Amino acid sequence: MSPIQSLRAGAARRVDLVPMTPMEQLRAGHTVRRVTQLLVGLWLYGTAMAMFIRAELGLDPWDVFHYGVQEKVGWSFGTVVVVVGFLVLLLWIPLRQWPGLGTVANVFVIGIATDVMLAVLETPESLWVRWAFLLGGILVNGLGGALYIGSQYGPGPRDGLMTGLARRTGLSIRVIRTALELSVLAVGWLLGGVVGVGTVLYALLIGPAVQAFLPLVTVRVHPPARLAAREAGSAVDRQGEGQDTVDPRSAELATCDGERPA
């Protein structure tokens, strides 16, 4: 199988992200691979953040906020990321959410990785290299995010805040996500954060980048017993319904449609 065929086959696979409690995440199997993938993904995420900063063409909304805070308090960028992540995690308490291993690792690893990579990378003098840093950073960020999400160890503090607020308020994820992103972007800009063309490109490209990598790296975990029982019950119901259908091809078509990549 050629490399292109391998990529197409990987993109066509479908592995669902399983909703699990923190304890269920730890018991879901494939621990060595998942922990390794989690840490590599978070480190790549921090590396991408350093690339955005060195590109000096604009940051993503949360990093605009981080940069603005850094300008006011004088801490390293990574330290700001860690502190803000911890403070956001505290907001989970009234939302009655429990952090997973990935949540806690997110708070610390990304900030550490960002500071380490900022010490390694320097701001390029050439504009085309800065553009390479920006576009390459979006690609690395997409891969890192997909690795981290695909390890199935729980959301990061900021994503967990988004989903928690959506659940508690009844508003859509889209509305909550947009409100949070615009809020931190505005506050960060007022504090002196860097807004530019990179901010726009990140908003447009990061979603497709994560979506492209996620099917390739999502780990197939052992679902909790409660979900396995529910799936078994649903399968029995579908089988019973299939016996009453006039056209026997409908069940086959439904199965094929369910295997379609997301």
Side-chain angles (χ1 to χ4, degrees), residues 6-7 9-49 62 81-82 85-86 88-89 91-92 95-113 139-167 173-174 176-177 180 206-235 258-262:
S6 298
L7 288 174
R13 71 192 286 262
R14 177 170 180 173
V15 181
D16 292 329
L17 295 172
V18 182
M20 297 181 285
T21 66
M23 190 57 66
E24 289 170 343
Q25 293 164 11
L26 296 176
R27 296 172 176 172
H30 306 292
T31 303
V32 173
R33 176 189 169 180
R34 290 170 63 212
V35 170
T36 302
Q37 180 170 311
L38 169 68
L39 296 177
V40 170
L42 293 175
W43 193 272
L44 289 176
Y45 204 102
T47 300
M49 290 168 67
W62 274 101
V81 171
V82 171
F86 178 75
V88 171
L89 192 56
L91 296 177
W92 284 32
L95 298 175
R96 298 180 181 179
Q97 293 196 145
W98 288 95
L101 175 62
T103 312
V104 177
N106 183 295
V107 172
F108 297 100
V109 176
I110 291 180
I112 294 171
L139 192 65
V140 171
N141 191 282
L143 175 59
L147 287 168
Y148 153 62
I149 295 168
S151 70
Q152 308 221 41
Y153 271 123
R158 297 156 187 82
D159 286 337
L161 176 64
M162 173 188 65
T163 56
L165 286 172
R167 187 181 67 252
I173 290 288
R174 180 175 62 253
I176 295 295
R177 177 65 178 264
L180 284 175
I206 190 58
V210 174
Q211 182 64 34
F213 286 117
L214 195 57
L216 299 170
V217 299
T218 300
V219 182
R220 195 182 304 275
V221 298
H222 306 308
R226 60 183 177 83
L227 294 180
R230 186 185 305 170
E231 287 296 323
S234 299
E259 293 176 351
R260 224 174 266 168

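Since the structure is predicted, the reported quantities are computational estimates derived from the model, not experimental observations.
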How far does [atom1] of [X] sit from [atom2] of [Y], to the nearest 0.5 angstrom?
X	Y	atom1	atom2	result
Tyr153	Thr103	OH	OG1	12.0 Å
Leu42	Thr47	CG	OG1	10.5 Å
Trp98	Trp92	CH2	CH2	11.5 Å
Leu101	Leu26	CG	CG	6.5 Å
Thr218	Leu147	OG1	CG	9.0 Å
Asp159	Asn106	CG	CG	8.0 Å

Which pair of non-hydrogen atoms, one from [X] and one from [Y], has the smallest distance, and what is that distance?
X	Y	answer
Ala28	Met20	CB-SD, 3.8 Å
Val210	Ala146	O-CB, 4.0 Å
Pro157	Gly85	CB-O, 3.6 Å
Gly142	Ala209	CA-CB, 4.0 Å
Gly111	Val82	CA-CG2, 3.9 Å
Gly46	Ala113	CA-CB, 4.0 Å

**Report entry** Contacts of type side-chain hydrogen bond (donor to acceptor under 3.5 Å, both in side chains), residue Arg177, not counting sequence neighbours
**Finding:**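 Glu181.
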
**Report entry** Residues which pass side-chain hydrogen bond (donor to acceptor under 3.5 Å, both in side chains) with Gln97, listed by chain and number, not counting sequence neighbours
**Finding:**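 Here the qualifying residues are Arg167.
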
Query raised in the report: Checking Gln25 side chain against Gly100 main chain: does a donor-acceptor pair fall under 3.5 Å?
Result: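 No, because the side chain of Gln25 does not come within donor-acceptor range (under 3.5 Å) of the backbone of Gly100.
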
Query - With His30 via side-chain contact (heavy atoms from CB on, under 4.5 Å) - residues at least two apart - result: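 Result, side-chain contact (heavy atoms from CB on, under 4.5 Å) vs His30: Arg34, Val219, His222.
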
Query raised in the report: Is there a side chain to side chain contact (heavy atoms under 4.5 Å, CB included) between Val18 and Glu24 once you walk through the steps?
Result: CA-CA 10 Å; Val18 182; Glu24 289 170 343; over 6 Å; no

**Report entry** Ile110 vs Tyr148, side chain to side chain contact (heavy atoms under 4.5 Å, CB included): CA-CA, chis, key distance, verdict
**Finding:** CA-CA 11 Å; Ile110 291 180; Tyr148 153 62; over 6 Å; no

